[in-house]
Amino acid sequence: MANTRKPASATIVEQQRKLLDSLPFSDTADFDDATRGLVARRQPNAVKAEDGTVVWDNDTYSFLQGDAPDTVNPSLWRQSKLCAIEGLFEVVPGIYQVRGMDLSNTSFIEGDDGVVVIDTLLTEETGRAALELYREHRGDRPVKAIIYTHSHADHFGGVRGFVSEEEVNAGNVKIFAPEGFMEHAISENVYAGTAMNRRAGYMFGAALARGPEGQVGAGLGQTLSTGTVTLLPPTDIITTTGHEEVVDGVRLVFQMAPDTEAPSEMLIYLPDFKSLCAAEDATHTLHNLLTLRGAVVRDPHGWAKYLTETIDLFGAEVESVFASHHWPVWDNERVVDFLTKQRDLYAYVHDQTLRMLNKGLTGPEIAEAIELPPALENAWSTHGYYGSVNHDVKAIYQRYIGWFDGNPASLWEHTPVEQSKRYVEFMGGADAVVSKAREYFDAGDYRWVAQVVNHVVFAQPDHADAKALLADTYEQLGYGAENGTWRDFYLSGATELREGNFGTPTETNAPDIIAQLSPSMLFDAIAIQINGPKAWDEKLSIDVVLTDLDERYRLQLANGALTYSTYPKRDDADVTLTTTRTALPALAGGALTADGLAQAGIEVSGDASVLSRLGALLDPGDKEFAIVTPD
């Protein structure tokens, strides 16, 4: 396909020039920190799956050299250059990190004989490659423990690249995780997993070419690897701050931080190294309070309180801080300053949003009005490369007030398609709207062009001129974005408008995750797939007997809803499934026939036709649903 990308407009070029003049680009301390302690690089840095498919290739970011081109915000260009720095690094003697091998980092704490691994990257393939790089230069040390800092897949998905299930089951390797880890790790990737993964393809620019006019990085790291997401359950759950463990001579002091960057999260202090692993609660960016892929809104007030506790607990002696993303910071004064600015950032955005919310401003109004204090604005680590002040403010508004802005006009709006049809008719028809919008495009008012021409595309999806203008508009907005995920969203939207739907390149609802569904979570996952209207007149009941757990569940479908209970029943179910906890996830595959379940080790007794009736009602998610055009 011909290159459809356009150059940066004069408006964007001028914006980039002003940024160069206003931000402290002469401050190169981050580059010194990001390259400090380099032991070795993996060359070439392409990781392949067993079938030869490339699942990670950091070498594709080799273009990140020199000054920013006009098509990339210079602040984002700087951040991407930093995030692309790769290799095995010594944080302090005995602590090593592999960076530039996935979106996240993996860290190695050396003990008496082996090593404790903190976080395992997203996929088995990149995890294995990182471990190989470490062992090549630090010796074939056995893994004694794995620590999952939190419940996001890029911190546990590579675990089978480090250890086997057999090693864990034999008691040779411990796996530590914060309280609530399994519930949140699984539910986030299953319940809304289809929609989240589709949107994540936009967020990380999965379908974009890498280069100055395409994907340059996601702000938190470069992008996601595309290998095999795995999960081994924790053997040890951490529940309290101050809890201490000693593994292979390594002292670990845990600090709980639930409902911060993840609903289940913890920080780890290593007193013998005077080093803090900040998990993902203090990184070199303003983080998401509501990630663009979708999630539960995070609590910035609690986030700030936990960072205050971190400073109180460890600030007097800590000499280095490293995290699950980005590069470390050294020396007590600098470490405390870094943690303090991160703390103040979340506190300020939270408190000022509520101040203005209570004056009657809406989320979008607050997002336009809020300004960071100069001390935070001039600190590189507080810039919105992954989260942004704009969308974090709207997330805080949503957390406290919800979707409704209080204006009755917003209470019962038409759907986007029906709104768009009326707007376009009101404004004189599609051709007139596009013609007028071109004037605003030429004037550099891309935000308005996107809003207006989007109506044309939703009212008349086949209007070629509207799609072309909207793609050009998204492209310019992407070129100007400081936030890596905003850039990816804009440029992904332009790509789909020009080239068509690219589906869901990266998925996290993998077999290892499905296999860990608890019975109740599995039944919930089936329930949310029931096509309600088709099920209105259906009534059925299924008993599930788990012989290894001595548990019995009654599933009932009535009034279009599938519910379940463990309370003893007097009557018999229509059909009974007898199996074990291990075999139960076979139900998630949708093969609801007696033969199919029997092959999975599930015994069926009673009216087996009930299973096919239930299966006919399942309506799984669409991995290619439309985003920039109507369904």
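This one's a predicted model, so the numbers in the text were calculated from it and none came from an experiment.
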>> Taking the six-membered ring of Tyr202 as reference, does the cationic atom of Arg293 (NZ for Lys, CZ for Arg) lie under 6.0 Å from its centre and within 45° of its axis?
In response: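 Not flagged: Arg293 not positioned over aromatic ring of Tyr202.
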> Does NZ or CZ of Arg199 lie under 6.0 Å from the centre of the six-membered ring of Phe625, at an angle within 45° of the ring axis?
Replying inline: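 No cation-pi geometry.
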>> side chain to side chain donor-acceptor pair (under 3.5 Å), that's the test. Do Asp607 and Ser609 meet it? Break it down for me.
In response: CA-CA 5 Å; Asp607 184 1; Ser609 69; 2.5 Å; yes
Taking all atoms of both residues into account, what is the closest heavy-atom pair of [X] and [Y], and its distance?
{"X": "Glu124", "Y": "Thr230", "result": "OE1-CG2, 3.7 Å"}
{"X": "Leu231", "Y": "Asp512", "result": "N-OD2, 2.7 Å"}
{"X": "Leu290", "Y": "Asp392", "result": "N-OD1, 4.1 Å"}
{"X": "Gly87", "Y": "Leu133", "result": "C-CD2, 4.1 Å"}

Are the side chain of [X] and the backbone N or O of [Y] linked by a donor-acceptor pair below 3.5 Å?
{"X": "Ser225", "Y": "Thr126", "value": "no"}
{"X": "Asp248", "Y": "Val250", "value": "no"}
{"X": "Thr579", "Y": "Leu546", "value": "no"}
{"X": "His326", "Y": "His284", "value": "yes"}
{"X": "Thr485", "Y": "Met203", "value": "no"}
{"X": "Arg298", "Y": "Asn288", "value": "yes"}
{"X": "Thr576", "Y": "Asp543", "value": "no"}
{"X": "Lys48", "Y": "Ala46", "value": "no"}

Distance alone, cut at 3.5 Å: any donor-acceptor contact between the side chains of [X] and [Y]?
{"X": "Thr60", "Y": "Arg210", "answer": "yes"}
{"X": "Thr123", "Y": "Thr228", "answer": "no"}
{"X": "Glu551", "Y": "Tyr553", "answer": "yes"}
{"X": "Arg99", "Y": "Gln97", "answer": "yes"}
{"X": "Asn105", "Y": "Ser324", "answer": "no"}

I want to check something: taking the side chain as every heavy atom from C-beta on, are [X] and [Y] in contact at a cut-off of under 4.5 Å?
{"X": "Asp299", "Y": "Trp303", "result": "no"}
{"X": "Leu611", "Y": "Thr593", "result": "no"}
{"X": "Tyr564", "Y": "Val544", "result": "no"}
{"X": "Thr106", "Y": "Ile118", "result": "no"}

>> Apply side chain to side chain donor-acceptor pair (under 3.5 Å) to residues His152 and Glu261 and explain how you reach the verdict.
In response: CA-CA 9 Å; His152 291 154; Glu261 188 274 336; 3.0 Å; yes
> For Phe156 and Phe181, what are the C-alpha separation, side-chain angles and deciding distance, and is it a ring pair (Phe, Tyr, Trp, His ring centres under 6.0 Å)?
Replying inline: CA-CA 10 Å; Phe156 65 77; Phe181 171 84; 5.5 Å; yes
> Does the gap between the ring centers of His325 and His287 come in under 6.0 Å?
Replying inline: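 No, the ring centres sit 6.0 Å or more apart.
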